[in-house]
There are 2 protein chains.
Amino acid sequence: MNEAKKKRLIERGWKIGSVEEFLQLSPDEAAYVELRLKLSDSLRVQRQKKNLTQVEFAKLVKSSQSRVAKMEAGDSSISLDLLIRSLLALGASNRDLANMIGQDEHGTAG
Amino acid sequence: MNEAKKKRLIERGWKIGSVEEFLQLSPDEAAYVELRLKLSDSLRVQRQKKNLTQVEFAKLVKSSQSRVAKMEAGDSSISLDLLIRSLLALGASNRDLANMIGQDEHGTAG
DNA sequence: GGAATATATGTCTGATTTGACATAATCGCA
DNA sequence: TGCGATTATGTCAAATCAGACATATATTCC
């Protein structure tokens, strides 16, 4: 995980576990956070591909605009559950999800 | 989704949405439930591969035996979040997850 | 059969996540 | 610049999910 990404996470409320240290993640915690980032980013991409505003999208997934904004921002108050259900509601298949998740990195060149 | 699987789900508390009908799932709901099943099943496989009892495993992922049993049973009181964090705790990588999720079907011949 | 081990099911209480709402910030365009 | 549309951030009560515990049901071995 590169530095830009770390910084982004800290701003989003990620302290994780109870590590006092500066985002010192265990491998599985890191994988978890990476995973969420991939899905957040995919979510925004998919929404924009469909030319939906956050408000329209919120209606589609039966949530609210504020929640959508937070989904896309990778906010720590959003669960993987919600991210995934939203992607599915957008029409993604499980295979699509697998592709999103399995990719190495996804355009966060640092 | 085949019939055996449906039956299994109904027993696990899956009514979803507020459909009165007999497990009449929309495509995205179906994909969501399928996804959970894949992860549940993988979880059991991975645990057994490591020769861990549910109790040992529970300790490893900082949960309880009852919760582990429910994870593996695909119980509706378990979130995707917990399933995925547990798989990661077991040592799975995001790529591993992608493989679990992307597979077509996985041995539920009916 | 019975004991030991493993897994399943039900139910509490507390913690987290939810959608909703208010409101602030940012963008696009005349 | 100002206005409308879009996106971001903060807060809340209600709903969901968490670990823990009790207890029931397998499963395995003698």
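Note on naming: letters A, B, ... go to the chains in the order of the sequence lines (proteins, then strands), and numbering restarts at 1 for each one. No hydrogens, no waters, no symmetry mates; every other heavy atom, side chains included, goes into these values. The model shown is predicted, which means the values in this text are computed figures rather than measured ones.
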To the nearest Å, give me how far apart [atom1] ([X]) and [atom2] ([N]) are.
| X | N | atom1 | atom2 | value |
| --- | --- | --- | --- | --- |
| B/L80 | C/dT16 | CG | C1' | 16 Å |
| B/L82 | D/dT16 | CG | C1' | 13 Å |
| B/D75 | C/dT7 | CG | P | 17 Å |
| A/R36 | C/dT16 | CZ | P | 14 Å |
| A/E56 | D/dT7 | CD | C1' | 13 Å |
| B/M71 | D/dC17 | CE | C1' | 12 Å |
| B/Y32 | D/dT16 | OH | C1' | 11 Å |
| B/E11 | C/dA8 | CD | P | 13 Å |

Discussion item. Looking only at the side chains, is there a donor atom on one of A/R36 and A/S76 sitting less than 3.5 Å from an acceptor on the other?
Written reply: no
Any [X] side-chain N or O less than 4.0 Å from OP1/OP2 of [N]:
| X | N | answer |
| --- | --- | --- |
| A/S77 | C/dT17 | no |
| B/R44 | C/dA8 | yes |
| A/R67 | C/dA20 | no |
| A/R85 | C/dG19 | no |

Discussion item. Between A/F57 and A/L90, is there a side-chain heavy-atom distance shorter than 4.5 Å?
Written reply: yes
Worksheet entry | Under 3.5 Å donor-acceptor pair, A/Q65 side-chain atoms to D/dA8 base atoms | yes
Worksheet item: Charged N to carboxylate O below 4.0 Å: is that the case for A/D28 and B/K62?
Response: no
Taking the side chain of [X] as heavy atoms from C-beta outward, which of [options] is closest to it?
| X | options | value |
| --- | --- | --- |
| B/S64 | D/dT7, D/dG19, C/dT7 | D/dG19 |
| B/T53 | C/dA6, D/dT7, D/dA22 | C/dA6 |
| A/K70 | D/dT9, D/dT7, C/dT9 | D/dT9 |
| A/S79 | D/dT6, C/dA20, C/dT17 | C/dT17 |
| B/I78 | C/dG19, D/dA18, D/dA20 | D/dA18 |
| A/E72 | C/dT7, C/dG19, D/dA8 | D/dA8 |
| A/R12 | C/dA8, D/dT9, C/dT9 | D/dT9 |

Worksheet item: Is B/D96 reaching over with its side chain to a backbone N or O of B/S93, donor-acceptor style, under 3.5 angstrom?
Response: yes
Worksheet item: Donor-acceptor pair, A/K38 side chain versus A/I101 backbone, under 3.5 Å?
Response: yes
Practice prompt. Apply salt bridge (charged side-chain N to carboxylate O under 4.0 Å, His left out) to B/R47 and list each qualifying residue two or more places apart in sequence or on a separate chain.
Written response: B/E72
Worksheet, complete the sentence: Closest to the 5' end of DNA chain C, once B/D81 and B/L52 are matched to their nearest nucleotides, is B/L52
